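What follows is a single structure, written as structure tokens, with notes after it.
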Amino acid sequence: MIRPTRPQDVAQIIDLATGTGVFKPGEIEVLRELLNIYLSDPQQQDYHFISYEQDGQVRGFACYGPTAMTDGTYDLYWIAVTKAIQAKGIGGQLLAHVEGEIRCRNGRLVVVETSSTPAYDLTRQFYLKHNYEQAAVIKDFYADGDSLVIFRKRVDQVE
């Protein structure tokens with residue numbers, strides 16, 4: 001079941017993200033901060049979190065929000081599924097849900113930023129599989145040898 005993220009989900013989401021093995025400690029801290037913003041101010045519209053719950057446990061989550069100073073562009077900041085059940089369609093369900101929510105908010109474009117390192121090979125393949133196009137690469141963005149890979153997808157057009 002996909003639903004809005006609740007305060008009691010935070011520890012499970014942090015554990016889930018940590019358990020994927022791909023996020024650095026600083027990224028986990030940013031995740032914690034974004035969850036705090038989302039949960040502490042119901043009126044804010046910068047960050048939206050959804051959780052995939054199975055058997056009473058959070059098994060996946062996503063975070064997205066509108067891109068400042070754009071018309072209908074949204075960033076997908078996070079999407080992660082418990083490592084033990086990856087590649088079983090849950091990430092695709094979360095992604096489709098996010099795209100639907102963005103469409104309902106009159107969004108037109110989703111932008112995703114990720115790393116070029118081997119640890120993110122499956123992540124990049126995931127976006128390509130779900131009809132995202134690789135729009136740009138900024139060499140050595142995060143560090144030498146770790147480039148920024150940007151994906152995009154129009155969600156306002158029926159495929």
Side-chain angles (χ1 to χ4, degrees), residues 1-70 72-117 119-127 129-130 132 138 141-143 146 148-153 155:
M1 163 179 66
I2 296 174
R3 58 165 174 73
T5 297
R6 302 184 293 226
Q8 58 267 36
D9 299 335
V10 171
Q12 291 182 66
I13 288 173
I14 296 299
D15 288 347
L16 186 160
T18 302
T20 65
V22 296
F23 301 116
K24 298 172 185 151
E27 293 170 316
I28 299 297
E29 284 308 309
V30 169
L31 174 59
R32 193 182 305 275
E33 289 171 20
L34 297 184
L35 280 161
N36 185 52
I37 291 167
Y38 167 75
L39 293 166
S40 66
D41 182 3
Q43 302 305 312
Q44 67 83 31
Q45 292 296 309
D46 294 329
Y47 305 104
H48 303 278
F49 275 86
I50 57 170
S51 293
Y52 180 92
E53 182 182 329
Q54 183 180 59
D55 301 324
Q57 298 293 311
V58 174
R59 304 289 188 195
F61 75 95
C63 173
Y64 63 97
T67 307
M69 299 182 285
T70 68
T73 299
Y74 279 73
D75 287 302
L76 175 59
Y77 297 110
W78 294 82
I79 188 167
V81 174
T82 303
K83 194 169 190 161
I85 58 171
Q86 288 177 352
K88 299 201 184 309
I90 295 168
Q93 290 177 49
L94 283 163
L95 187 60
H97 190 91
V98 166
E99 291 170 359
E101 289 292 315
I102 290 170
R103 204 174 295 109
C104 287
R105 290 177 161 89
N106 296 315
R108 59 183 182 79
L109 184 68
V110 179
V111 175
V112 181
E113 297 180 356
T114 192
S115 168
S116 67
T117 60
Y120 287 86
D121 283 346
L122 292 176
T123 301
R124 293 188 304 276
Q125 290 173 26
F126 171 80
Y127 291 116
K129 175 183 173 185
H130 289 92
Y132 281 71
I138 301 175
F141 181 82
Y142 295 108
D146 187 358
L148 168 65
V149 182
I150 302 170
F151 290 91
R152 68 182 294 276
K153 182 178 180 181
V155 295

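Counting from 1, the numbers follow the sequence of the chain as shown. Please read these numbers as outputs of a predicted model, since none were measured by experiment.
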Find the distance between [atom1] ([X]) and [atom2] ([Y]) and round it off to the nearest 0.5 Å.
X	Y	atom1	atom2	answer
Glu99	Tyr132	CD	OH	3.5 Å
Ile28	Ile13	CD1	CD1	11.0 Å
Glu29	Leu34	CD	CG	11.0 Å
Thr114	Tyr127	OG1	OH	6.5 Å
Thr5	Leu39	OG1	CG	7.0 Å
Glu101	Arg105	CD	CZ	5.0 Å

Handout entry: Stepwise side-chain contact (heavy atoms from CB on, under 4.5 Å) test for Arg108 and Thr73
Key = CA-CA 6 Å; Arg108 59 183 182 79; Thr73 299; 3.5 Å; yes
Heavy-atom pair with the smallest gap, counting every atom of [X] and [Y]:
X	Y	answer
Cys63	Leu76	O-CD1, 3.4 Å
Gly92	His130	CA-NE2, 3.6 Å
Tyr38	Pro4	OH-CB, 3.8 Å
Gln93	Ile2	O-CD1, 3.6 Å
Val98	Ala62	CG2-CB, 3.8 Å
Ala80	Leu94	O-CD1, 4.1 Å

Is there a side-chain contact between [X] and [Y] (heavy atoms, below 4.5 Å)?
X	Y	answer
Leu148	Tyr142	yes
Val30	Glu27	no
Val58	Gln8	no
Thr82	Tyr52	no

Problem - Neighbour count >12 (heavy atoms, 6.0 Å) for atom CE, Met1 - result: yes
Handout entry: side-chain contact (heavy atoms from CB on, under 4.5 Å) between Phe126 and Leu122, intermediate numbers included
Key = CA-CA 6 Å; Phe126 171 80; Leu122 292 176; over 6 Å; no
Handout entry: Distance-only polar pair, side chains of Thr117 and Asp146, donor-acceptor under 3.5 Å
Key = no
Handout entry: Aromatic ring pairing Phe23/Tyr120, orientation class (parallel under 30°, perpendicular over 60°, tilted between)
Key = perpendicular
Practice task
Apply side-chain contact (heavy atoms from CB on, under 4.5 Å) to Tyr64 and Ile102, showing your working.
Solution key: CA-CA 9 Å; Tyr64 63 97; Ile102 290 170; 3.9 Å; yes
Handout entry: Test log, rule side-chain contact (heavy atoms from CB on, under 4.5 Å), inputs Leu35 and Phe61
Key = CA-CA 11 Å; Leu35 280 161; Phe61 75 95; over 6 Å; no
